[in-house]
Amino acid sequence: MGCVHGKCCCRYPRSSDGDNREDLGRYAQVQTHILAGRSVESAQVPSHNFRLEYSVLTQRGFYPESPEKENQDSYCIRTQLQGNPNVHFFGVFDGHGQFGTECSVFVRDRLVEILSNDSTLLDDPVKAYNSAFSITNEELHASDIDDSMSGTTAITALLVGDMLYVANVGDSRAVMAVKEGNRVVAKDLSSDQTPFRKDECERVKSCGARVLSVDQVEGLKDPDIQSWGDEETEGGDPPRLWVQNGMYPGTAFTRSVGDSTAESIGVVAVPEVTTVHLTAHHPFFVVASDGVFEFLSSQTVVDMVNRAADPRDASSAIAGESYKLWLDHENRTDDITIIIVHIKALSNVVVPQPREMEEEQRTQRKKHRRYISLRLLRKVIGQ
């Protein structure tokens, strides 16, 4: 959703101009069904003898009041971290504010580099994640980018063998498909960090934040009513974070990277990390910006991926449906970025790696030498 000065905060009224709506519909249809330039890539996971097949789509939103506005989303796919063929990284970064693009690109580049250079990554991925987010946040503050009222969310997935570690800061989302009998159900791997969450709301209040919707701040609704329903039904005027005596920053999230002003009222860059042991019951996962999930449920997204033979067709269908729903509710759309990762041929049988095989061979040779020595010793004693 972003900050009150960012891309997701202005509540545009639905247009009564039929021609304008027709133009928007044509724009969405053209922009969201282009496959040119996209491909399906793959990465092997030799330790467990399976592979990943993945595709990505990123699409600029439509902003009628800011036609030159650029796509503030960015993404990162990095295979074989630290030169290890069993370690792969996927991330989506949703920038917001005046310098949101610069923030998302900065975090996209630095977070994965810091992880790549962390010697503890394979031993303790959760610790490495926390450290990487903290360092990236501090580096962004110290950079030439003005992040006082700008920043980015980050939803990332780190695969280490058959373990998946999902780290979330903000309100983008990762979703796992899980086979249950004849059904494929959606399991959220992240929880949107917004004031709709009671725990997050109480945390930022304890740091000095006022939590109010725009209507409450503007005096149109009672500010003492601290109940906003749920995000599905009350997303049009969500609760936001404000300093005690000012009309800023107005963030609709409780965690982000950057947003140095909002840090004083509890907005932090500390990730929530979810761990999943992958099995044959996990056919794919999706990592996407909140432009996808503003109007589409996790289950709907999983269903659309499951129906498509090609992940490129799935991502185009999801983007197209997202755009349609945005335009049904507003006269603009959000930026949309989707990474779909299919998990192929996973059986959870551990395949010995070259180093492990070499060590096993050395052990067997030692055993064989001991066996020969004992036979010779018995012959000598017998003589």
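The structure presented is a predicted model; accordingly, all values stated were derived computationally and were not measured. Just so you know, these numbers use all the heavy atoms, side chains as well, and skip hydrogens, waters and symmetry mates.
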Under the rule for side chain to side chain donor-acceptor pair (under 3.5 Å), what residues qualify as partners of [X], not counting sequence neighbours?
X      : result
Arg203 : Glu200
Ser148 : Asp146
Ser143 : none
Glu263 : Asn137, His141

**OP:** Verify salt bridge (Lys or Arg N to Asp or Glu O under 4.0 Å) between Asp303 and Arg307, making sure each step is shown before the conclusion.
**Re:** CA-CA 6 Å; Asp303 290 343; Arg307 285 197 298 264; 5.0 Å; no
hydrophobic_cluster_shared for [Y] and [X], side chain cutoff 4.5 Å:
X      : Y      : result
Leu278 : Val166 : yes
Val276 : Tyr54  : yes
Ile114 : Ile77  : no
Val268 : Phe253 : no
Val56  : Val40  : no

Straight-line distance of [X] [atom1] to [Y] [atom2], nearest 0.5 Å:
X      : Y      : atom1 : atom2 : value
Thr261 : Leu241 : OG1   : CG    : 12.5 Å
Glu321 : Ile336 : CD    : CD1   : 10.5 Å
Arg108 : Asp73  : CZ    : CG    : 11.5 Å
Gln72  : Asp334 : CD    : CG    : 9.0 Å
Phe196 : Thr254 : CZ    : OG1   : 12.0 Å
Ile339 : Phe90  : CD1   : CZ    : 7.5 Å

Distance-only donor-acceptor hits, side chain of residues 176-191, under 3.5 Å, sequence neighbours excluded:
| unit_1 | atom_1 | unit_2 | atom_2 | d |
| --- | --- | --- | --- | --- |
| Asp188 | OD1 | Ser298 | OG | 2.6 |
| Ser190 | OG | Ala174 | N | 3.1 |
| Ser191 | OG | Arg197 | NH1 | 3.2 |

Original post:
Val292 pairs by side chain to side chain contact (heavy atoms under 4.5 Å, CB included) with which of Val301, Leu57, Val287, Val286?
Top reply: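 Answer to the side chain to side chain contact (heavy atoms under 4.5 Å, CB included) test with Val292 among Val301, Leu57, Val287, Val286: Val301.
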**OP:** Taking the side chain as every heavy atom from C-beta outward, state whether Pro223 and Val217 have any pair of such atoms under 4.5 Å apart.
**Re:**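 Result no, sub-4.5 Å side-chain heavy-atom pair not found.
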**OP:** Assess whether side-chain contact (heavy atoms from CB on, under 4.5 Å) is satisfied between Val45 and His88, documenting all intermediate values.
**Re:** CA-CA 9 Å; Val45 185; His88 309 294; 4.0 Å; yes
Heavy-atom donor-acceptor pair, [X] side chain to [Y] backbone, under 3.5 Å:
X      : Y      : result
Thr337 : Ser289 : no
Asp199 : Cys201 : no
Ser74  : Ser104 : yes
Arg332 : Tyr63  : no
Ser131 : Ala128 : no
Gln216 : Asp222 : yes

**OP:** List for me each residue that meets side-chain contact (heavy atoms from CB on, under 4.5 Å) alongside Gln44, sequence neighbours excluded, and say none if there are none.
**Re:**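 Applying side-chain contact (heavy atoms from CB on, under 4.5 Å) to Gln44 gives Pro46, Arg51.
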Original post:
With Ser134, which residues qualify under side-chain contact (heavy atoms from CB on, under 4.5 Å), at least two apart?
Top reply: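 side-chain contact (heavy atoms from CB on, under 4.5 Å) check on Ser134 returns nothing, list empty.
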Original post:
So, Ser213 versus Asp237: side-chain donor-acceptor pair below 3.5 Å or not?
Top reply: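 Yes - a donor-acceptor pair under 3.5 Å links their side chains.
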Subject >> Side-chain donor-acceptor contact under 3.5 Å, Glu41 with Ser39 >> reply: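 A donor-acceptor contact under 3.5 Å links the two side chains.
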Subject >> Shared-cluster residues of Val160, by chain and number - hydrophobic side chains joined below 4.5 Å >> reply: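 Traced through the cluster, Val160 reaches Leu81, Val87, Phe89, Phe93, Phe99, Phe106, Val107, Leu111, Val112, Leu115, Leu121, Leu122, Val126, Tyr129, Phe133, Leu140, Ile145, Leu158, Met163, Tyr165, Val169, Val257, Val273.
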Nearest heavy atoms of [X] and [Y], plus distance in Å:
X      : Y      : result
His96  : Asp259 : NE2-OD2, 2.7 Å
Val211 : Pro239 : CG1-CB, 3.8 Å
Gly246 : Arg210 : O-NH2, 2.7 Å
Tyr248 : Met149 : CB-CE, 4.0 Å
Ala157 : Phe285 : CB-CE1, 4.0 Å
Asp290 : Asp94  : OD1-OD2, 2.7 Å

Original post:
Can you name the ring-ring contact (aromatic ring centres under 6.0 Å, His included) partners of His342, sequence neighbours left out?
Top reply: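 Listed in chain order: Phe284.
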Original post:
Given Thr58 and Asn71, is the side chain to side chain donor-acceptor pair (under 3.5 Å) satisfied, shown in steps?
Top reply: CA-CA 8 Å; Thr58 186; Asn71 186 352; 3.0 Å; yes
**OP:** Kindly indicate, with the supporting measurements, whether the criterion side-chain contact (heavy atoms from CB on, under 4.5 Å) is fulfilled by Glu294 and His329.
**Re:** CA-CA 11 Å; Glu294 186 74 16; His329 292 82; over 6 Å; no
Subject >> salt bridge (Lys or Arg N to Asp or Glu O under 4.0 Å) involving Arg110 - partner list, sequence neighbours excluded >> reply: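 Salt bridge (Lys or Arg N to Asp or Glu O under 4.0 Å) check on Arg110 returns Glu139.
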**OP:** Write out all pairs satisfying salt bridge (Lys or Arg N to Asp or Glu O under 4.0 Å) with one or both partners inside residues 150-161, taking only residues at least two apart or from two chains.
**Re:**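 Applying salt bridge (Lys or Arg N to Asp or Glu O under 4.0 Å) to every pair that reaches into residues 150-161, excluding sequence neighbours, yields nothing.
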**OP:** Quick one: which residue pairs count as a salt bridge (Lys or Arg N to Asp or Glu O under 4.0 Å) with a foot in residues 112-132, not counting sequence neighbours?
**Re:**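 Residue pairs with at least one partner in residues 112-132: Arg78-Glu113.
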Original post:
How far apart are the C-alpha atoms of Arg173 and Ile155, what are their side-chain angles, what is the distance that settles it, and do they pass the side-chain contact (heavy atoms from CB on, under 4.5 Å) test?
Top reply: CA-CA 6 Å; Arg173 194 178 301 176; Ile155 182 70; 5.7 Å; no
